[in-house]
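Shown next, in structure tokens, is the structure this report addresses.
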Amino acid sequence: MAGIGFELRKLMRHNDYLGVVRAYSYAGIIGAGPWVISILGVILLGFLSMHHVFPPRLISEFQTSVTYLIAVSLIFGGLWQLAFTRYVADRVFAREHDRVLPNLNGLLIVAMGSALVVAVAIGFFLFTGTGLVYRLLMIALFSLLTGVWVVAVMLTGLKHYHAILASFAAAYATALGVGLLLRPYGLVGLLFAFLLGQSLLFAGLLAAVYRDYPSPDFLAFDFLKRGRMYPSLLACGLLYNAAIWADKAVFWFTPTTSQHVIGPLRASAVYDLPIFLAYLSIIPGMAVFLMRVETDFVEYYDRFYEGVREGGSLSYIRNMRNGMVTSAKGGIFDIIKVQSLTTILAFVIGPSVLRSLGISLLYVPLFKIDVVGAGLQVALMGILNIFFYLDRRSRAVGLAAIFLALNLGLSLASTYLGLYYYGYGFSVSLLITVLVGLAWLDRDMEAVEYQTFMLQPWSR
């Protein structure tokens, strides 16, 4: 489970500036790669097809369709992602590696099968004004993407970052290349190219599981047994993914900030592009996130719990606990510091970047506040990750619920307050959630020995 940490420590071993740069660059590519590849892939495919697909509105229909597919499949699959990843981690810890693959296949049948049923109902009742081929492609993509997120999150939990990054790069390169060839077929051609790319991504992720977790059994549903899936993680995955998309949904379905695109789908020209571009600024924060959590924190974390399990001396356990607390707090604040510098840089070069992309400078204020929000989201991810390590699932659920409620409520309020306040709902909700998370983290870190020794194992 220490693969990424081992690679990062190896790069840092030379103890020089080049080693540090290489380690942080590696962490940034591994950590933010799939996010950046996904965003750039969809934007680039639409941009390169702009003068080859007629009428031009088909490009908007493609990008909007894909955005909705990603959003809804993430929320739908979020119900399973964290809970099943914990189930798999428990099996690996118990050295039951042969139970990973058959149970993954069982989950994929449940998750993708239910997604297919939901997609068929939505496709044939809400998309009545669209073509049959378009609806069939949307149904297939929704079910497929649900499976992609389940496997990708599971491999992330098991730290198979190389497999994830390689699969995403190959998939979106394929989607981009095939999409350029199928541009004459318009919306259907672009969606088919995206389907082909996602199929390759799904196959690549599954191949990593088949390679690393072979099993004589093909199918099992052990994860559905009582006590195998934590309800708190089911709730956290659903709430967190819904929270991420809450502000986008508010702007999509508010008449004054959106326009109809295709079927029941709407888009917000004023909100969508700035926030998706802002997400490209997370690379430095993700690099620090991986470097500090997967090296310093995990090293002390492993030694602390090893000392607890193996009967280490009290002084040793306390020293490891102090190191774990210091590295956790230091890692979170390093994320905040680095993202603050990135935000300042984005403020300076943002107008030039938008101008070079042919985007009106009227988007600059919204882009700036979205960059702040994206940086805070990286900090929230760091806090949640530490809570997961500490097995403080109730804290994670609480933070996800706060983020969802605030993002939904404040974003809705911003649409009533006017253009100047757009984006503040997203960023302010994250700021409050991060501050609450830091307060909870500080309290739990001070009591980590009590929580380790005294909490009952059946507590949820």
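We count residues from 1, following the sequence as given. Everything numeric here is computed off the predicted structure, so don't read it as measured data. Just so you know, these numbers use all the heavy atoms, side chains as well, and skip hydrogens, waters and symmetry mates.
- Looking at Ser281, its side chain does come within 3.5 Å of a backbone N or O of Ala278 through a donor-acceptor pair.
- Atoms CG and CD, from Leu233 and Gln81 in turn, are 11.5 Å apart once rounded to the nearest 0.5 Å.
- Judged by distance alone, with hydrogens and angles left aside, the side-chain atoms of Asp442 form no donor-acceptor pair with the main-chain N or O of Leu438 at under 3.5 Å.
- Salt bridge status for Lys368 with Asp370: absent, with no side-chain N to carboxylate O gap under 4.0 Å.
- Residue Cys236 holds its SG atom at 14.5 Å from OH of Tyr230, rounded to the nearest 0.5 Å.
- Looking only at distances, a side-chain donor or acceptor of Ser215 sits under 3.5 Å from a matching main-chain atom of Asp98.
- Residues Pro274 and Tyr363 come closest through the heavy atom pair CG-CD2, 3.3 Å.
- Side-chain contact between Leu380 and Tyr240 is present, with at least one heavy-atom pair separated by less than 4.5 Å.
- Panel note: side chain Gln259, backbone Ala267; a donor-acceptor pair is recorded below 3.5 Å.
- Between the side chain of Ser429 and the backbone N or O of Phe426 there is at least one donor-acceptor pair closer than 3.5 Å.
- Within the 4.5 Å cutoff, the side chain of Leu406 has no heavy atoms near those of the Val428 side chain.
- Counting heavy atoms from C-beta on, the side chains of Leu219 and Ile109 come closer than 4.5 Å.
- To the nearest 0.5 Å, the span separating CZ on Arg443 from CZ on Arg395 amounts to 5.5 Å.
- You'll find the side chain of Pro214 stays beyond 4.5 Å of the side chain of Leu101, heavy atoms only.
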(message) Set out, in order, the CA-CA distance, both residues' side-chain angles and the distance that settles side chain to side chain contact (heavy atoms under 4.5 Å, CB included) for Asn385 and Phe297, then state yes or no.
(response) CA-CA 11 Å; Asn385 197 55; Phe297 175 78; over 6 Å; no
(request) Give the C-alpha distance, both sets of side-chain angles, the deciding distance and a yes or no for side chain to side chain contact (heavy atoms under 4.5 Å, CB included) between Tyr316 and Arg303. (result) CA-CA 9 Å; Tyr316 176 83; Arg303 291 178 179 177; 3.5 Å; yes
(request) For the pair Ile122 and Met138, evaluate side chain to side chain contact (heavy atoms under 4.5 Å, CB included) and give the outcome as yes or no after the intermediate values. (result) CA-CA 10 Å; Ile122 293 175; Met138 291 287 283; over 6 Å; no
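- Residues Ile275 and Phe251 have side chains not in contact (no heavy-atom distance under 4.5 Å, counting atoms from C-beta outward).
- The two residues Ala400 and Leu239 make their nearest non-hydrogen contact at CB-CB, 3.8 Å.
- Summarising the geometry of Ala243 relative to Phe403, their closest heavy-atom pair is CB-CD2, 3.4 Å, with the distance given to 0.1 Å.
- Salt-bridge annotation for Asp272 and Lys248: absent, with no side-chain N of the basic residue lying under 4.0 Å from a carboxylate O of the acidic one.
- The two residues Gly382 and Ile332 make their nearest non-hydrogen contact at C-CD1, 3.5 Å.
- Atom CE in Met112 sits 9.0 Å away from atom CG in Leu145 (nearest 0.5 Å).
- If you run side chain to side chain contact (heavy atoms under 4.5 Å, CB included) between Ile70 and each of Val66, Thr67, Val72, only Val66 comes through.
- Rounded to the nearest 0.5 angstrom, Asn322 CG and Thr326 OG1 are separated by 6.5 Å.
- Between Leu390 and Met324, the shortest heavy-atom contact is CD2-CE, 4.4 Å.
- Centroid-to-centroid, the aromatic rings of Phe304 and Tyr301 stay 6.0 Å apart or farther.
- In this structure, Tyr300 and Ser327 approach most closely via the heavy-atom pair CD1-OG, 4.1 Å.
- Here Arg86 pairs with Asp391 in a salt bridge; the nearest charged N to carboxylate O distance falls below 4.0 Å.
- For Trp252 and Tyr68, the ring centers sit closer than 6.0 Å to each other.
- Between the side chain of Asn103 and the backbone N or O of Arg99, at least one donor-acceptor pair lies under 3.5 Å.
- In this structure, CG on Asp247 lies 15.0 Å from OH on Tyr424, to the nearest 0.5 angstrom.
- Looking only at side-chain heavy atoms (C-beta outward), Arg91 and Asp222 stay at 4.5 Å or farther from each other.
- Contact annotation: the side chain of Thr257 approaches that of Tyr422 to within less than 4.5 Å [non-hydrogen atoms, C-beta and beyond].
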(request) Given side chain to side chain contact (heavy atoms under 4.5 Å, CB included), test Tyr87 with Leu104 step by step and report yes or no. (result) CA-CA 10 Å; Tyr87 166 80; Leu104 174 62; over 6 Å; no
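- Looking at Arg266 and Val261, their side chains never come closer than 4.5 Å, going by heavy atoms from C-beta outward.
- The backbone N or O of Gly373 lies less than 3.5 Å from a partner atom in the side chain of Ser427, making a donor-acceptor pair.
- Using modelled atom types, one side-chain atom of Arg321 and one backbone atom of Met445 make a donor-acceptor pair closer than 3.5 Å.
- Dense packing is recorded around CZ of Phe223, with more than 12 heavy atoms of other residues, nucleotides or ligands lying under 6.0 Å away.
- Using a 30° and 60° split on the angle between ring planes, Phe168 and Tyr172 fall in the parallel class, below 30°.
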